[in-house]
Colleague: 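Okay, here's the structure, questions in a sec.
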Amino acid sequence: MSVAKTLTSWYSINKRHLPWRETKDPYKIWLSEIILQQTQIKQGLSYYEAFTDKYPTVFDLANATESDVLKLWQGLGYYSRARNLHATAKYIVNNLNGKFPNTYEKLLKLKGIGDYTASAIASICFNEHTAVLDGNVYRFLSRYYGIDTPINTSKGFKIFKALAQDILDKDNPAEHNQAIMDFGSRQCSPTNPDCMFCLFNQTCVAFREDKILKLPQKIKAKKPVNKYFNFLVFVSDSSSTILEKRQENGIWKNLYQFPLIETKKTASLNTFQSALKNNSLTSNLDFKVSLYNEIEIVHKLSHQHLHTKFWIITTKKLPVPGIPIKNIKDYAVPVLIEKFIEEFNF
DNA sequence: AAAACGGGGCA
DNA sequence: TGCCCAGTTTT
């Protein structure tokens, strides 16, 4: 039996029943694919349900504000996905009459849709012969064929994309693509793959040569850089605080946070107080300051470690218009801020 | 071609 | 606690 037929027969028995597998609506498939980028099903499922519940059609999503979309996305990370999702929904409604593009080439032009997502939507919704290449597919192919070209290189992409396209079941690309991803995710998992009960354990190169845990090969990531964040948590007599929207490109763009002072290294009380003297919010303000967390909180992102201190600034009146603390949960904030808000007794 | 972009899960 | 996971856009 061909690799493809073995995969689809495995899938017919082991397929997980998930809400986005009950539909061919390209809007719903698109939504699920964007949510599932860089995200495990267990984490993404509740977000998918929240989004389809609040925005059942592309028109509903297009009519929302970006702030609302980011709020619903809060906690999922990689927030450019949410910004691009919203921008693309508006584009489809305003320029394409709400009709979803129905080919790989046209899908690829949309913001937030790259090779993987265009291939997934085109095959699942429109039966186009476009093989998906995600982390699960990379893993299965590299092991089964014993290919040690690093997957996170342009050369690796070309090799594995051609191979995935070559073995694609042209009679049923929709089932095939979902089968190979599910197989890679569950049977051919990163650690502890279930080789003993694997349909391919007679033919898999990596299993025969005992290279399962050496594949796929990847170029190692750089070490994360350390950053030192000091958040200014204002508390006024009238129970208001200050939240600012992050405008600049970089992490958390368009999310809200407490006013931030970044330092070169961990700030002592003394250095922080002199920083406040030069800060436009506090230079002319009558306030008291105390450090909330004596031990800094280290929030780890894939590419930077944020050493964070929350400083409580108590003042009679805020230096700029603020927001009532009782409304603070209306704003989309990073998980780091969300955890503080939940923990801090305002 | 390489870097930037979050957060959760698991050993 | 340290390491692993991973599509798209930007540089």
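Remember, predicted model here, so these are calculated numbers, not experimental data. Note: hydrogens, waters and symmetry copies are ignored here, and every other heavy atom, side chains too, is used. Convention: sequence-line order gives letters A, B, ...; per-chain numbering from 1.
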Colleague: Phosphate oxygens OP1/OP2 of dA4(B): is one of them under 4.0 Å from a side-chain N or O of Lys222(A)?
Modeller: yes
Colleague: Using atom types as modelled and distance alone, determine if a side-chain donor or acceptor of Arg81(A) lies under 3.5 Å from a backbone N or O of Ile35(A).
Modeller: yes
Colleague: With heavy atoms under 4.0 Å as the rule, sort Thr153(A) into base, sugar-phosphate or nothing.
Modeller: nothing
Colleague: Are Phe200(A) and Phe183(A) an aromatic pair, judged by ring center distance below 6.0 Å?
Modeller: yes
Colleague: Under 3.5 Å, which N/O atoms of the protein pair with N/O atoms of nucleotides 7-11 of chain B?
Modeller:
residue, atom, partner, partner atom, Å
dG7(B), OP1, Tyr79(A), OH, 2.5
dG7(B), OP1, Val335(A), N, 3.3
dG7(B), OP2, Trp252(A), NE1, 3.2
dG7(B), OP2, His299(A), NE2, 3.0
dG7(B), O3', Gly75(A), O, 3.3
dG7(B), N7, Lys300(A), O, 3.4
dA11(B), OP1, Asn192(A), ND2, 3.4

Colleague: Taking the side chain of Lys218(A) as its heavy atoms from C-beta onward, which of dC5(C), dG7(C), dC5(B) lies nearest to it?
Modeller: dC5(C)
Colleague: Is any side-chain heavy atom of Ile337(A) closer than 4.5 Å to a side-chain heavy atom of Phe310(A)?
Modeller: yes
Colleague: Within the 4.0 Å heavy-atom criterion, would you say Lys220(A) contacts the bases, only the backbone, or no part of the nucleic acid?
Modeller: nothing
Colleague: Using nucleotides 9-11 of chain C, report all nitrogen or oxygen pairs with the protein that are shorter than 3.5 Å.
Modeller:
residue, atom, partner, partner atom, Å
dT9(C), OP1, Gly112(A), N, 2.4

Colleague: Mind calculating the distance between CG (Leu306(A)) and C1' (dC5(B)) to the nearest angstrom?
Modeller: 12 Å
Colleague: Between Lys5(A) and Asp169(A), does at least one N-O distance fall below 4.0 Å, as a salt bridge requires?
Modeller: yes
Colleague: Can a salt bridge be assigned to the pair Arg16(A) and Asp182(A) using a cut-off of 4.0 Å between side-chain N and carboxylate O?
Modeller: yes
Colleague: Can Val235(A) be reached from Ile313(A) by stepping across I, L, V, M, F, W or Y side chains whose heavy atoms are under 4.5 Å apart?
Modeller: no
Colleague: Of all of residues 128-151 of chain A, which get a heavy atom below 4.0 angstrom from DNA chain C, listed by number?
Modeller: Asp134(A), Gly135(A), Asn136(A), Arg139(A)
Colleague: To the nearest 0.5 angstrom, please state how far the CZ atom of Phe160(A) sits from the OG1 atom of Thr153(A).
Modeller: 8.5 Å
